[in-house]
Amino acid sequence: MMRYAHVVGWGRYLPDRVVTNDELSRVVDTSDEWIYQRTGIHERHIAAAHETTATMAFEAAARALAVADLHPSAIELIIVATSTPAYMFPSTACTVQDYLGASHAGAFDLSAACSGFVYALQMAAQSIAAGSVHNALVIGAETMSRVIDWQDRSTCVLFGDGAGAVVLKGSSIPGGVMATTLRSDGSGGDLLSLPALYHNPVPIAGAEFSHNGHHKNIVDMDGKQVYRFATNVIASSIHDVLKMAELTTDDIALIIPHQANVRIIETAAKKLKLPMEKFYLNLEHTGNTSAASIPLALCDAVRDGRLKPDDNVVLVGFGGGLTWGASVVKWDVTPPDVSFPDREWKRVRYVMARGRSHVRRLQRRVEAAVVRPSRNGDGSDGD
Ligand code: UT7
């Protein structure tokens, strides 16, 4: 029997701290006028010192689970699309698994820069279609503020922090994620990059490591080339995915593109001969949040009443790699009425999840200190 991956929950998180263009103009040589005219961005949210990609991803995921009315233990797969994990391992997804107490979930991070959410959605939808999982959490989360050069006005004005999540649920009823196209072109990898390895001198002859010429873990971008690439691939991937789904642009209620620059989207709309009203935009208030931008925009589109049951929506991502991709999703849910007290009450389970996690850590420590030495006398467990 065919299995379809339906979106049954969605949630977003934006840090409280809002940084306006005017505020940035006191940090670098820029102006609200330049930023707004060239990008469409007015302000962005910036994570507080105690916030991480994982804490924001958790907040978005908890809200998505509340909308889906699912217990975290029903989730079997957690994928976090991110380019700004606090650790390469443990993955952000594993930390989210722990915070949620999602005791039956496999969890991993996915790296496809700003296309990451579309990639992750497809991986989770395919796992559901194959019958290997029933419910999955797909999250896009980024703390871009920690990987940009705040002295470089050509990049620091563009990005913001945040997280968005959806819950996918398997069903035999046709709908949900209907078609996806994913593409990449590594020859353009140098156009938009973020080094992952710190320069770590290796005191062994022949093993010295040099860092591609970059010594800092900050975003490097050739804005003009990325701009040209983006306008082309938005148009081509929408075209390709519609062909795959056997639909035309007339069948599409809304297109939710990665929110990088309003001018990129305007150029793509012209190429596709589509009115701008078909495209959902929220970058004015969020900036470019990389992998988080599409799920954040999706949540805002639902909030604004832009999606009705049976609407076809196209999600389209593009970014570093180079990577790009698009997905057609049949939106087949009416937003449930999730009342606030109900949501707040259910958050008690996350306090309990952290408690259980502490207990498990304590257990491990006790085992290491007491059980093993007493068994072997030398601290090893003998096998
Ligand atoms: O999420 C991944 C995808 N990323 C993107 O999609 C970004 C794609 N690229 C872009 O969105 C645009 O290329 C930018 C917004 C980054 C730049 O816009 P642009 O129209 O291509 O500007 P530019 O780079 O050609 O710069 C024009 C001028 C330059 O000055 P000169 O050389 O003409 O004197 C820049 O130095 O604007 C200057 N400039 C700025 N001025 C004020 C660059 N950044 C700023 C700034 N404030 N923040």
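Computed over heavy atoms, backbone and side chain alike; hydrogens, waters and symmetry mates excluded. Ligands are counted one by one from 1 in listed order, and the atoms in each one are counted from 1 as well.
Under 4.0 angstrom from ligand 1, the non-hydrogen atoms of Ile264 all belong to its side chain. Neither the backbone nor the side chain of Ala230 comes within 4.0 Å of ligand 1, counting heavy atoms alone. Using a 4.0 Å cut-off between heavy atoms, Thr155 makes no contact with ligand 1 at all.
In this structure, Asp300 pairs ionically with Arg303, as a charged nitrogen and a carboxylate oxygen lie closer than 4.0 Å. Ion pairing between a basic and an acidic side chain is recognised when a charged N comes within 4.0 Å of a carboxylate O; Glu23 and Arg17 show such pairing.
Taking the side chain as every heavy atom from C-beta outward, Asp98 and Arg360 approach each other to under 4.5 Å. At least one side-chain heavy atom of Glu142 sits under 4.5 Å from a side-chain heavy atom of Ser83. Side chains of Arg38 and Ile35 form no contact here, defined as non-hydrogen atoms less than 4.5 Å apart. Val302 has its side chain within reach of Trp331: a pair of non-hydrogen atoms, C-beta onward, lies under 4.5 Å apart.
Nearest non-hydrogen protein atom to atom 2 (C) of ligand 1 is Cys114 SG, 3.4 Å. Looking from atom 1 (O) of ligand 1 to the surrounding protein, the closest heavy atom is Asn288 ND2, 2.6 Å. Looking only at protein heavy atoms, the nearest one to atom 20 (O) of ligand 1 is Arg38 NH1, 2.8 Å. Counting only heavy atoms of the protein, atom 43 (C) of ligand 1 lies nearest to Trp34 CZ2, 3.5 Å. Here the protein heavy atom with the shortest distance to atom 47 (N) of ligand 1 is Thr30 OG1, 2.6 Å. Lys224 NZ, 2.3 Å is the protein heavy atom nearest to atom 25 (O) of ligand 1. The nearest heavy-atom contact from the protein to atom 9 (N) of ligand 1 is Gly223 O, 3.0 Å.
No donor-acceptor contact under 3.5 angstrom links the side chains of Asp22 and Thr20, judged on distance only.
Within a 4.0 Å radius of atom 34 (O) of ligand 1, the protein contributes no non-hydrogen atoms. The protein reaches atom 41 (N) of ligand 1 closely, with a heavy atom under 4.0 angstrom from it. Within a 4.0 Å radius of atom 22 (O) of ligand 1, the protein contributes one or more non-hydrogen atoms.
When the heavy-atom distances from atom 10 (C) of ligand 1 to Val157, Asn261, Asp29 are ranked, the shortest goes to Asn261. The option with the heavy atom closest to atom 36 (O) of ligand 1, from among Gln259, Arg153, Gln225, is Arg153.
Not a single N or O atom of Val226, backbone or side chain, sits closer than 3.5 Å to an N or O atom of ligand 1. For a threshold of 3.5 Å applied to N or O pairs, the pair formed by Thr39 and ligand 1 contains no separation below that value. Considering backbone and side-chain N/O of Ser31, none are found under 3.5 Å from N/O of ligand 1.
Here is the list of ligand 1 atoms found below 4.0 Å of a heavy atom in Met221: 4 (N), 7 (C), 16 (C). The Ala260 neighbourhood of ligand 1 comprises atoms 5 (C), 6 (O), with distances under 4.0 Å to a heavy atom of that residue. Ligand-side atoms of ligand 1 in range of His258: 1 (O), 2 (C), range being under 4.0 angstrom from any heavy atom.
At least one donor-acceptor pair under 3.5 Å links the side chain of Asn312 to the backbone N or O of Asp251. Formation of a donor-acceptor pair under 3.5 Å by the Ser293 side chain with backbone atoms of Gln259 is found in this model. When atom types are taken as modelled, the side chain of Asp311 and the backbone of Lys308 share a donor-acceptor pair closer than 3.5 angstrom.
When ring centroids are compared, Phe58 and Tyr13 stay outside the 6.0 Å threshold.
Side-chain heavy atoms closer than 4.5 Å link hydrophobic residues (I, L, V, M, F, W, Y) into clusters, and following such links, even through other members, never connects Tyr99 to Met56.
Within a 6.0 Å radius of CE in Met88, no more than 12 heavy atoms belonging to other residues, nucleotides or ligands are found.
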